[in-house]
Each structure stands twice: as structure tokens, then as C-alpha cells.
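Both backbone and side-chain heavy atoms feed into the values below; hydrogens, waters and symmetry mates do not. Predicted, not measured: the structure shown is a model, and the values here were computed from it.
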Amino acid sequence: MKINQAKAYFELGIITKFYAVRDIEPGCWILCIEGQQDKNWTLQTALGKTKVFATLDTLTREIETIMGSHVSSIAFAI
């Protein structure tokens with residue numbers, strides 16, 4: 001799923017959860033997105049590859065970009 005589609009799905013209420021998952025490469029994180037009816041996606045780059053984040057900070061900023069002004073709090077469980 002690309003960022004614009006994620007924004008639209010969030011606004012429509014289709015997205016229900018975000019997960020930060022550690023990639024197999026050390027120090028890399030993937031944003032997994034859960035939606036209604038057991039749909040799951042990862043965030044994709046413009047070239048269609050899974051987007052990988054170097055830090056949880058950058059992943060969090062991407063979630064904030066998707067959620068826009070709807071961010072009240074974000075919690076991570078590791």
C-alpha cells in the first residue's frame with residue numbers, strides 16, 4: 001500500500017491498527033497495517049517495494065503523516 005492510499009483508507013476507517021515489525025536486517029523496521037475484515041498490508045515505496053525504516057522515530061513520523069491531525073497518542077509494545 002502506498003502512502004496516499006493509506007491516508008485515504010485511514011480517513012474512511014478501513015485501517016484499524018499499525019504495527020512496527022523488526023525486519024530481518026538488523027536495525028530496520030517495517031510498518032504493517034491492519035484493516036477491517038482481516039486485511040493486512042505493508043507500506044510500499046513508489047517502486048512497489050516494502051518500505052523499510054532505519055529507526056522507530058522515522059516509522060512513527062510516517063504513521064503521523066498517514067493519520068494527520070487525528071494523532072492523539074501512539075504506543076509501541078515490544
Distance from [X] atom [atom1] to [Y] atom [atom2], nearest 0.5 Å?
| X | Y | atom1 | atom2 | answer |
| --- | --- | --- | --- | --- |
| T50 | M1 | OG1 | CE | 12.5 Å |
| M67 | E11 | CE | CD | 10.0 Å |
| Y19 | I33 | OH | CD1 | 12.0 Å |

Are I66 and V52 connected into the same hydrophobic cluster when the rule is that any two of I, L, V, M, F, W, Y join if their side-chain heavy atoms are below 4.5 Å apart?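 Shared cluster, no.
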Carefully, step by step, assess L59 and I30 under the rule side-chain contact (heavy atoms from CB on, under 4.5 Å). CA-CA 8 Å; L59 186 141; I30 296 172; over 6 Å; no
Flag if over 12 foreign heavy atoms under 6.0 Å of NZ, K39: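 Not buried by this count: 12 neighbours or fewer within 6.0 Å.
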Is there a side-chain contact between K7 and T65, using heavy atoms and a 4.5 Å cut-off?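 Yes, side chains in contact.
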Check whether any side-chain heavy atom of L56 lies under 4.5 Å from a side-chain heavy atom of W29, and answer yes or no.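 Contact flag for L56/W29 side chains = yes.
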Filter on ring-ring contact (aromatic ring centres under 6.0 Å, His included), then keep only pairs touching residues 34-62, sequence neighbours left out; what's left?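 Matches after skipping sequence neighbours: Y9-W41.
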Taking all non-hydrogen atoms of both residues into account, name the closest pair between [X] and [Y] and its distance.
| X | Y | result |
| --- | --- | --- |
| E34 | N40 | CG-OD1, 3.6 Å |
| I15 | A6 | CD1-O, 3.4 Å |
| I3 | E62 | CD1-OE2, 3.4 Å |

Results of side-chain hydrogen bond (donor to acceptor under 3.5 Å, both in side chains) for T45 - residues two or more places apart only: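 Testing T45 for side-chain hydrogen bond (donor to acceptor under 3.5 Å, both in side chains), a comparison that skips the adjacent residues, returns none.
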side-chain hydrogen bond (donor to acceptor under 3.5 Å, both in side chains) with E64: which residues, sequence neighbours excluded?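 For E64 there are no side-chain hydrogen bond (donor to acceptor under 3.5 Å, both in side chains) partners, ignoring immediate neighbours.
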Can a side-chain donor-acceptor contact be found between T42 and Q44 if the only test is distance below 3.5 angstrom?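 The answer is yes; a qualifying pair exists.
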